[in-house]
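Structure, as structure tokens:
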Amino acid sequence: MLDAMNPEDVADLVATLRTVHASGRTRSMEWRRTQLDRLERLVREHEDDISAALANDLGRSAAEAWIADINPSIGEITYARKHLKAWMRPRRTRLPLNQIPGRGWIQYEPLGVVLVISPWNYPFYLALSPVVGAIAAGNCVVVKPSEVAPATSALLADLIPRYLDPEAVVVVEGDGETSQALLAQGFDHVLFTGGTEIGRKILAAAAPTLTPVTLELGGKSPVIVAADADLGVAARRIAWLKLMNSGQTCLAPDYLLVERSVRDQFVETLLSTLAEFRADSPDAGMPIVNERQFQRLAGYLEATKGTIAVGGNVSEADRTVQPTVILDPDPDEPAMCEEIFGPLLPVITVDDIDEAIRIVNARPKPLAVYAFSGSKAVRNRIVDEVPAGAVVVNHVAMHVLIPQLPLGGVGESGMGGYHGEWGFQTFSHRKSVLSKTAKPDPRFVYPPYTQRALKLMRRMF
Ligand code: NAD
């Protein structure tokens, strides 16, 4: 058994994976296809185990386990398998006239041995979906799941070697120290999903070995609700995602910017939607993953200068927080400065769309911006004027389920991206290939250069 704290074990593990990769066995399309097939079987045959692990780690319902971890994992796998052949195909490129005769193409090459470090909030999907890209690209992979979701981490460590090539795809369980021990070995790529602060540490740890990094980070994803939005739809979609996994979702609506003329009507709709969605347990709090996260959220509520429109109670005994709508908090209070990552939802009243855009653009670039509006002009303004990892119009976070769209942040919300072909490319090297013929081989391009040769070269090149 590997002891992740023992540097020799970690070094041996990475060295073994390097040997396996160098043998070339992960490069073939057959290997990649087989691994993707087996990964799909792993998910389908263990839906109940995955669901149970998520309930254990996060108090997640079976419905949410299927919506947010199981089904999206299957979606990524089947899409990759279907398109693998096309992705792997070399892409011919046209050459400039002066390079003819010759042929040029781009060939996607596996990077080698890559590392995936994943978070606890969707601990199954966010560990597996980068692995899909890494395998599709023909790499050996080390997966380091989050120690904060121990049941899912143990399940991954049990299942992955039983289904996938155990000499090429390895799970290493552990915490931040384990990640650091792994990073110290140097990898051909690391894809990290987690918070911005740890993201900085990953980048620093990757620097000495020049390990290339994709950072899938978090931040405050705002929702702009324009006066001409369908308020019922906006309230339903916002409340739906805010309640999922107790708001512990990187793409959850973090705060709302609502135009003044519809603010009261919208808040009323939002409150009745929340009540409707929680009809089974109207006053219950929502489970929070651990004491640290619970104290952080309780602290935000204690410090708020806004008005609590609904909720506001927390229970330390069972570590729950009620879904809470906070009206017009202070822009400098913790709930408006830090990522919320819980069931609290600040609502800021704005005079108009200009003010909403100004507020969003004065903050670090978010992972996503959601724009609810019935007008094309308003939607276009938000799409064009707000820098963000993604913009979703009249919905929330749906882009995450579309493998044709890259998932990734910008600025403090991350660098690089993956999903679908973008994942394949992230874990591949785009190798430029130029193949020339031996003839013609004109003498004048070689030294010593005469005036006449120089003239000719200027004309040709
Ligand atoms: P985290 O940053 O605390 O931990 C993520 C991973 O990093 C875990 O595996 C952890 O063991 C490891 N880690 C912790 N300390 C480390 C260190 N010093 N060095 C190296 N590795 C270390 O994140 P989390 O709390 O698990 O997840 C929540 C955060 O992740 C939120 O900010 C959320 O927005 C973000 N997130 C982003 C996405 C996305 O797709 N962009 C998805 C989910 C979550």
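Read the numbers this way: they start at 1 and go in the same order the structure lists the ligands and their atoms.
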Where does [X] meet ligand 1, judged by heavy-atom distances below 4.0 Å: at the side chain, the backbone, both, or neither?
| X | value |
| --- | --- |
| Leu126 | side chain |
| Leu367 | side chain |
| Ala205 | neither |
| Lys201 | side chain |

Atoms of ligand 1 less than 4.0 Å from [X] heavy atoms?
| X | result |
| --- | --- |
| Ile202 | 20 (C), 21 (N) |
| Asn121 | 43 (C), 44 (C) |
| Asp175 | 11 (O) |
| Phe341 | 28 (C), 31 (C), 33 (C), 34 (O) |

Query raised in the report: Going by an N to O cut-off under 4.0 Å, is there a salt bridge joining Asp254 and Arg363?
Result: no

Query raised in the report: Charged N to carboxylate O under 4.0 angstrom, Arg296 versus Glu338?
Result: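 Glu338 and Arg296: not salt-bridged.
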
Query raised in the report: Protein heavy-atom contact under 4.0 Å for atom 9 (O) of ligand 1?
Result: yes

Looking at [Y], is its backbone amide N or carbonyl O close enough to the side chain of [X] to form a donor-acceptor pair, meaning the two atoms are under 3.5 Å apart?
| X | Y | value |
| --- | --- | --- |
| Asp328 | Thr349 | yes |
| Arg263 | Val347 | no |
| Arg32 | Ala136 | yes |

Kindly identify the option in [options] whose heavy atom sits closest to [atom].
| atom | options | answer |
| --- | --- | --- |
| atom 29 (C) of ligand 1 | Gly218, Gly195, Gly174 | Gly195 |
| atom 32 (O) of ligand 1 | Glu147, Lys220, Glu339 | Glu339 |
| atom 37 (C) of ligand 1 | Gly414, Cys250, Ser146 | Cys250 |

Specify the closest pair of heavy atoms between [X] and [Y], including all atoms of both residues, with the distance to one decimal.
| X | Y | answer |
| --- | --- | --- |
| Pro331 | Cys337 | O-SG, 3.8 Å |
| Glu76 | Gly420 | OE1-N, 3.3 Å |
| Glu173 | Lys144 | C-CD, 4.5 Å |
| Thr273 | Ala239 | CG2-CB, 4.1 Å |
| Ala65 | Leu54 | CB-CD1, 3.6 Å |

With the threshold set at under 4.0 angstrom, would you say [X] reaches ligand 1 through any of its heavy atoms?
| X | value |
| --- | --- |
| Thr193 | yes |
| Gly409 | no |
| Phe192 | yes |

Report task. Take the angle between the ring planes of Phe424 and Trp87 and call it parallel below 30°, perpendicular above 60°, tilted in between. Result ->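 Correct class here is tilted.
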
Report summary line: One should read off an interatomic distance between Ile288 CD1 and Gln293 CD, to the nearest 0.5 angstrom, of 8.0 Å

Can an N or O of [X] be found at a distance shorter than 3.5 Å from an N or O of ligand 1?
| X | answer |
| --- | --- |
| Leu217 | yes |
| Lys144 | yes |
| Ser179 | yes |
| Ser118 | yes |

Protein heavy-atom partner closest to [atom] - residue, atom, separation in Å:
| atom | result |
| --- | --- |
| atom 27 (O) of ligand 1 | Pro119 CB, 3.4 Å |
| atom 35 (C) of ligand 1 | Gly194 O, 3.2 Å |
| atom 19 (N) of ligand 1 | Gln180 NE2, 2.8 Å |
| atom 26 (O) of ligand 1 | Trp120 CD1, 2.8 Å |
| atom 3 (O) of ligand 1 | Ile198 CG1, 3.9 Å |

Report task. Tell me, with the steps shown, if His189 and Thr426 meet side-chain hydrogen bond (donor to acceptor under 3.5 Å, both in side chains). Result -> CA-CA 9 Å; His189 197 89; Thr426 286; 5.7 Å; no

Requested in this report: Begin with the C-alpha distance, continue with both residues' side-chain angles, and end with the deciding distance and a verdict on ring-ring contact (aromatic ring centres under 6.0 Å, His included) for His46 and Tyr163.
Outcome: CA-CA 11 Å; His46 292 277; Tyr163 280 80; 5.5 Å; yes

